[in-house]
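To start, the structure itself, in structure tokens.
Just so it is clear, the model here is predicted, and its values are computed rather than measured.
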Amino acid sequence: MIIHNGNKHTLRATINHLASLGVSSIKTAYASNVGEWTTHSDNKSIGIKDVFQTYLDYIPQYYSDNMPMDIFFTSFFAADRETPDKYQILCYDESYNPEKILLCPLSRSSANISPEGRVVMCGMMYGTESEKIFPAMPETHFSECINYPEHMKLCDMRASDFLKANEECRTCKFTRHCYGGCRGPALIEQNNLMATNKDLCELFYGGWIKKIVDAVKQARPSAESPVKDSLMLQ
């Protein structure tokens, strides 16, 4: 589900309706202000603070509705019905090891095919300069596309590679908990795979970690907080 100002108020109803149809999980992101959206969005573009607030407001509703499905709110929160007393704050890590953390884990398990037929690392590469380095189908067989050297190189990139290329993040006080996050916003806003993800800057510097922990604690007291660093909860 793509969140914007025209539908953010429907998040709870949408999840409950999809659950009633048998849908078992949902992943959300927000509408990026690029491409055709810039001219056809009818001023429905949304800022990251409003996106995070929409997610935060839904957390108590999620538990009140008995966790109708697994949820994955990009760069914010995730919960799985199989482990109701566990949850994740996405892009937050307690045992941070940049040498082991993949920059984009999803690129290992899914293929993204652009409107031009290019098999790219990430769907957010569509329409960017980065897309042009990848081969296109049907000129190149799919099996060759996913084993293309540039594709394999990007799929194997680690958080440590990101930090080496980004001094701002390397010296940030939250570096030991943050692993750079989704590369999509960096590509869209700065056309640079190694640029800072400003959404995560808001997540950490905006105090959302504590807000998430507090919201879950109130809605489901038995849930175990993934945050052990007391400084993050001040």
Side-chain angles (χ1 to χ4, degrees), residues 1-15 26-65 71-79 87-93 104 122-124 128 162 166 168-169 171-220 223 225-227 229-234:
M1 179 181 179
I2 300 300
I3 304 294
H4 53 73
N5 270 325
N7 72 356
K8 64 182 182 181
H9 63 285
T10 71
L11 181 60
R12 183 182 192 179
T14 298
I15 288 176
I26 189 170
K27 178 181 179 181
T28 68
Y30 65 92
S32 302
N33 198 31
V34 295
E36 292 300 304
W37 179 258
T38 60
T39 55
H40 299 291
S41 65
D42 296 324
N43 297 316
K44 292 186 176 67
S45 294
I46 190 169
I48 191 60
K49 291 182 181 180
D50 285 340
V51 174
F52 284 173
Q53 189 62 54
T54 298
Y55 294 158
L56 187 70
D57 291 343
Y58 175 70
I59 287 175
Q61 298 169 352
Y62 177 65
Y63 289 106
S64 176
D65 294 340
I71 59 174
F72 186 103
F73 295 162
T74 301
S75 298
F76 197 76
F77 179 82
Y87 66 96
Q88 296 179 59
I89 298 177
L90 300 175
C91 302
Y92 175 89
D93 200 309
C104 183
C122 171
M124 289 192 178
T128 69
F162 168 73
N166 195 310
E168 180 181 357
C169 289
T171 57
C172 173
K173 65 180 181 179
F174 295 117
T175 294
R176 65 195 181 96
H177 291 307
C178 171
Y179 46 91
C182 176
R183 299 291 79 218
L187 281 168
I188 290 171
E189 295 174 13
Q190 303 173 61
N191 198 34
N192 179 358
L193 188 68
M194 292 301 188
T196 301
N197 180 337
K198 298 300 182 183
D199 293 356
L200 294 200
C201 297
E202 174 60 29
L203 178 73
F204 284 91
Y205 283 95
W208 295 98
I209 303 292
K210 183 179 186 303
K211 294 176 185 177
I212 293 170
V213 171
D214 288 348
V216 177
K217 184 177 181 180
Q218 184 173 356
R220 189 176 180 88
S225 169
V227 181
D229 187 344
S230 60
L231 293 177
M232 299 299 303
L233 303 177
Q234 296 178 1

Please list every donor-acceptor pair under 3.5 Å in which a side-chain atom of residues 42-53 meets a protein atom from a residue at least two apart or in another chain.
unit_1 : atom_1 : unit_2 : atom_2 : d
Ser45  : OG     : Asn33  : OD1    : 3.2
Ser45  : OG     : Trp37  : NE1    : 2.9
Gln53  : NE2    : Asp57  : OD1    : 2.8

Exercise for the section: Mind checking side chain to side chain contact (heavy atoms under 4.5 Å, CB included) for Ala13 and listing every partner two or more places apart, or none if nothing turns up? Expected result: none
Problem - 4.5 Å side-chain heavy-atom contact, Ile15 and Gln61 - result: no
Problem - Results of side chain to side chain contact (heavy atoms under 4.5 Å, CB included) for Gln88 - residues two or more places apart only - result: Ala78, Leu90
Exercise for the section: Identify, with sequence neighbours excluded, every residue that meets side chain to side chain contact (heavy atoms under 4.5 Å, CB included) alongside Pro226. Expected result: Tyr87, Ile89
Exercise for the section: For Phe162, check ring-ring contact (aromatic ring centres under 6.0 Å, His included) against everything at least two apart and list the hits. Expected result: none
Exercise for the section: List for me each residue that meets side chain to side chain contact (heavy atoms under 4.5 Å, CB included) alongside Ser64, sequence neighbours excluded, and say none if there are none. Expected result: Arg12
Determine all donor-acceptor pairs shorter than 3.5 Å in which one atom belongs to a side chain in residues 199-208; sequence neighbours excluded.
unit_1 : atom_1 : unit_2 : atom_2 : d
Asp199 : OD1    : Tyr30  : OH     : 3.1
Asp199 : OD2    : Tyr30  : OH     : 2.9
Glu202 : OE2    : Trp208 : NE1    : 2.7

Exercise for the section: Identify, with sequence neighbours excluded, every residue that meets ring-ring contact (aromatic ring centres under 6.0 Å, His included) alongside Tyr92. Expected result: His177
Problem - Sub-4.5 Å side-chain heavy-atom contact between Ile3 and Lys8 - result: yes
Handout entry: Minimum heavy-atom distance Asn192-Ala186, with the two atoms named
Key = O-CB, 3.3 Å
Handout entry: Residues that Lys198 engages under salt bridge (charged side-chain N to carboxylate O under 4.0 Å, His left out), provided they are two or more places apart
Key = Glu168
Fill in the blank from the handout: So salt bridge (charged side-chain N to carboxylate O under 4.0 Å, His left out) across residues 178-187, not counting sequence neighbours, yields none
Problem - Non-neighbouring partners of Tyr55 that pass side chain to side chain donor-acceptor pair (under 3.5 Å), sequence neighbours left out - result: Thr28
Problem - With Lys27 via salt bridge (charged side-chain N to carboxylate O under 4.0 Å, His left out) - residues at least two apart - result: none
Practice task
Examine distances only and state if a side-chain atom of Ser41 and a backbone atom of Thr38 form a donor-acceptor pair shorter than 3.5 Å.
Solution key: no
Problem - N/O donor-acceptor pair under 3.5 Å between Asn7 side chain and Ile2 backbone - result: yes
